[in-house]
Amino acid sequence: MPSTIPLSPVLLASAGMEDGEHVFDLGSVPWSRCGAYMAITTNVATIDHPGRNHKIDPGIYLTDVSGSRLWHWNGVFRIELTKNGSVVEPTVIEGRPGHLRIVSEHGEIEATWDGTNTIRFSGRGIGIRFVQSVIDPMDAALAFPIGESEYRLQMGEDAHYSISRIAGNLTVDAPRVRTGASDTADRKVVDANAAGEDRFEIALTQYESGYKAPEQFRPFAEALQDTRDDFSTWWSAFRPRETGITEAAAYITWSTIVAARGISARPAMLMSKNWMNAVWSWDHCFNALGLARSHPDLAWDQFMLPFDQQHPQGALPDLMHDNGLMWGFVKPPVHGWTLNHLIDLGVATPERIVDVYPKLVAWTNWWLAYRDLNDDGLPVYFHGCDSGQDNSTAFDAEGFPSTSPDLATFFALQLRCLGRVATMLGLLDEAKRWTALEEQTVRLMISKLWGAAGFSPRGSLDNEHLRGLSTSQVVFLPLLLGDALPVDVRDSLLEQFLSSGLLTAHGIASESPASPSYEPDGYWRGPIWSPTTLLIADGLHRCKRSDLTQLIAQRFLANCDNNGFAENYDAVTGRGLRDRAYSWSASVYNVFSEQSQVFREPDGSRI
């Protein structure tokens, strides 16, 4: 399927400039908008991921990014172009913030958003067809007319849709109720077109429960301008600060947000509107930091999302979305580290600190109550996914449960944050207790996890043996402790990091490319990941190596400029891997662009 920009690592390119906007490739980046649970994509890549590990026919798809479609193929309708009832191929597909063009040799269709739940389509010379892509398990989808200008498509387990004719012709195959086994063969087909060179126009609305179409839709051009203005306002919150944040980064963060709905009372920045359409309980921290300077209220919403769903015992869910939670794993306690930054940046106001303090206490106490299995003061991971670095080589030799240096580091920093917050709240006895626990955690980490070869996880409760120097980034995350480390440990760890090969031309590799365990596309066994690149960069700053922090930032920013905002990156080539429109990479890009504001210690010092 031809397009203006071939499938490539580049997220946004300078081709097809219109009003200063860049055209992006729908094969990598979904066309969506802030607040919407719909997207349009040509990404049908078969990957090793639930719901995408089977062949999907090439084409343009309208997708549903609600949590009900997590781990499933989320294409609800395949979008086809028609001429006199026959399917014609597109020659150009141009996606811009708020505006979509699909062109064939016979005519052109354009689309924009009318609010967050409605997409407007308009075209001349060709028609548009929506073919039901998802067959829900109940075989309950049906279609029927509402008056003379509207059809309803009830989609069983999925969201429902209204399609309204504004101009031209609108027909639906199977307008009456069809349920049962025959429904799997008789997919609903919607056609919109106009005679000759006349224009057709329709409005497609997604709704959950009930819907009433307006008596009259506003002009297409007005809806288009409103959507463009919404994105421009979003981006302008970054641009006046001359941070260098690109339209591409702004678009990813804007378009991956969904409105508050279902169990979530806050707008949520999904990890992606490709297929990772959920919020994981450490990913949200990096998105919060990415919004801290430009959209502080929304940044706080991102930070608080999992705390709103906190288990009565204190754990945070592994992931959440509008339709539910998963508790199979947890994620590392990076929340104290994050909250410290949000306090420094003025996002965590006194009122917000009062609200979050007991929640952070409960999350911290959960680790001590349920993950400190031998009561030595160091909690453990039960699984690689608990660490956020699911298949890291750091855990290969010793297995699980694992007392890991990264977990001890995050835990110590969380205790430090609790001490700081308790002091701010006038809870001085509690502050002393948290500070004492922080100091104890650091001492225990050094006595149990530090050896001549550096830091190493312990994979069993009674294991007194430390294996040799790891080639995983996991063992260098204690750099975040900075001056809390003894000078000899800090200096040795810095030296080991510099000789590890983890610092590449594009960022921090998850596994040294020189390691025999390195895998170029091995998830956490080689590729560069934005969150840990940020964490180690911050650690180097805390260890008085701001020169290295700046170097890492420059390399990561340059790589994103060349290779977009992927889930992770090839450590050697910088090529984007897996999901190619990932919000935490855009957020870390924003943080590095604003790093003089973000990397700031409580005493006010900056890089």
Side-chain angles (χ1 to χ4, degrees), residues 281-282 310-318 327-337 359-419 430 432-470 472-481 484-486 489 493 524 535:
S281 288
W282 76 312
Q310 191 166 25
H311 192 276
Q313 292 178 331
L316 300 183
D318 177 40
W327 298 96
F329 308 111
V330 290
K331 286 295 176 278
V334 295
H335 305 85
W337 171 81
K359 301 175 188 294
L360 193 63
V361 169
W363 175 221
T364 304
N365 285 338
W366 180 86
W367 284 94
L368 291 172
Y370 299 102
R371 290 298 180 90
D372 183 6
L373 299 184
N374 58 3
D375 294 323
D376 69 350
L378 291 180
V380 300
Y381 292 135
F382 280 0
H383 192 282
C385 290
D386 288 343
S387 75
Q389 303 190 46
D390 308 2
N391 64 337
S392 170
T393 63
F395 309 113
D396 283 357
E398 305 298 337
F400 295 93
S402 178
T403 307
S404 186
D406 65 315
L407 176 54
T409 298
F410 295 141
F411 195 68
L413 291 173
Q414 189 145 296
L415 293 165
R416 179 184 301 179
C417 180
L418 286 172
E430 290 188 31
K432 290 178 182 178
R433 182 168 66 88
W434 296 127
T435 299
L437 281 174
E438 176 204 349
E439 293 170 353
Q440 173 185 296
T441 300
V442 175
R443 287 196 303 271
L444 286 168
M445 180 181 73
I446 293 169
S447 66
K448 292 179 176 291
L449 305 181
W450 175 260
F455 281 111
S456 176
R458 289 186 188 274
S460 62
L461 300 182
D462 58 354
N463 186 1
E464 295 300 324
H465 173 70
L466 289 175
R467 65 192 181 100
L469 178 63
S470 173
S472 166
Q473 66 184 2
V474 164
V475 301
F476 295 105
L477 287 169
L479 290 167
L480 283 163
L481 292 170
L485 294 172
V489 172
L493 190 62
W524 291 94
L535 287 164

Distance-minimising heavy-atom pair for [X] and [Y]:
| X | Y | value |
| --- | --- | --- |
| L407 | P379 | CD2-O, 3.3 Å |
| L481 | A412 | CD2-CB, 4.0 Å |
| G336 | Q414 | N-OE1, 3.0 Å |
| L480 | T409 | CB-CG2, 3.9 Å |
| G377 | L444 | CA-CD1, 3.9 Å |
| D372 | L368 | CB-O, 3.4 Å |

Practice task
Applying salt bridge (Lys or Arg N to Asp or Glu O under 4.0 Å), name anything that partners D386, two or more places apart in sequence or on another chain.
Solution key: R371
Problem - Set of residues satisfying salt bridge (Lys or Arg N to Asp or Glu O under 4.0 Å) with respect to E438, sequence neighbours excluded - result: R416
Can you name the side-chain contact (heavy atoms from CB on, under 4.5 Å) partners of [X], sequence neighbours left out?
| X | answer |
| --- | --- |
| D390 | C385, Y523, W524 |
| R443 | E439, Q440 |
| V474 | Q389, S392, A394, S404, D406, S472 |

Can you measure from [atom1] ([X]) to [atom2] ([Y]) and round to the nearest 0.5 angstrom?
| X | Y | atom1 | atom2 | value |
| --- | --- | --- | --- | --- |
| L479 | L485 | CG | CG | 7.5 Å |
| Q313 | Y370 | CD | OH | 3.5 Å |
| L360 | N365 | CG | CG | 9.5 Å |

Problem - Backbone of K432 reached by a side-chain donor or acceptor of T435 within 3.5 Å - result: no
Exercise for the section: Using atom types as modelled and distance alone, determine if a side-chain donor or acceptor of S402 lies under 3.5 Å from a backbone N or O of Y381. Expected result: no
Less than 4.5 Å apart, side chain to side chain, heavy atoms only: is that true for [X] and [Y]?
| X | Y | answer |
| --- | --- | --- |
| K448 | T403 | no |
| W434 | V361 | yes |
| F411 | L378 | no |

Problem - W282: partners by ring-ring contact (aromatic ring centres under 6.0 Å, His included), with sequence neighbours left out - result: F286, W584
Practice task
Would you check, one step at a time, whether the test side chain to side chain contact (heavy atoms under 4.5 Å, CB included) holds for W366 with L316?
Solution key: CA-CA 9 Å; W366 180 86; L316 300 183; over 6 Å; no
Practice task
Quick one: sort the W363 and W367 rings into parallel, tilted or perpendicular, breaks at 30° and 60°.
Solution key: perpendicular
Practice task
May I ask you to decide if the ring planes of F395 and F400 are parallel, tilted or perpendicular, using 30° and 60° as cut-offs?
Solution key: tilted
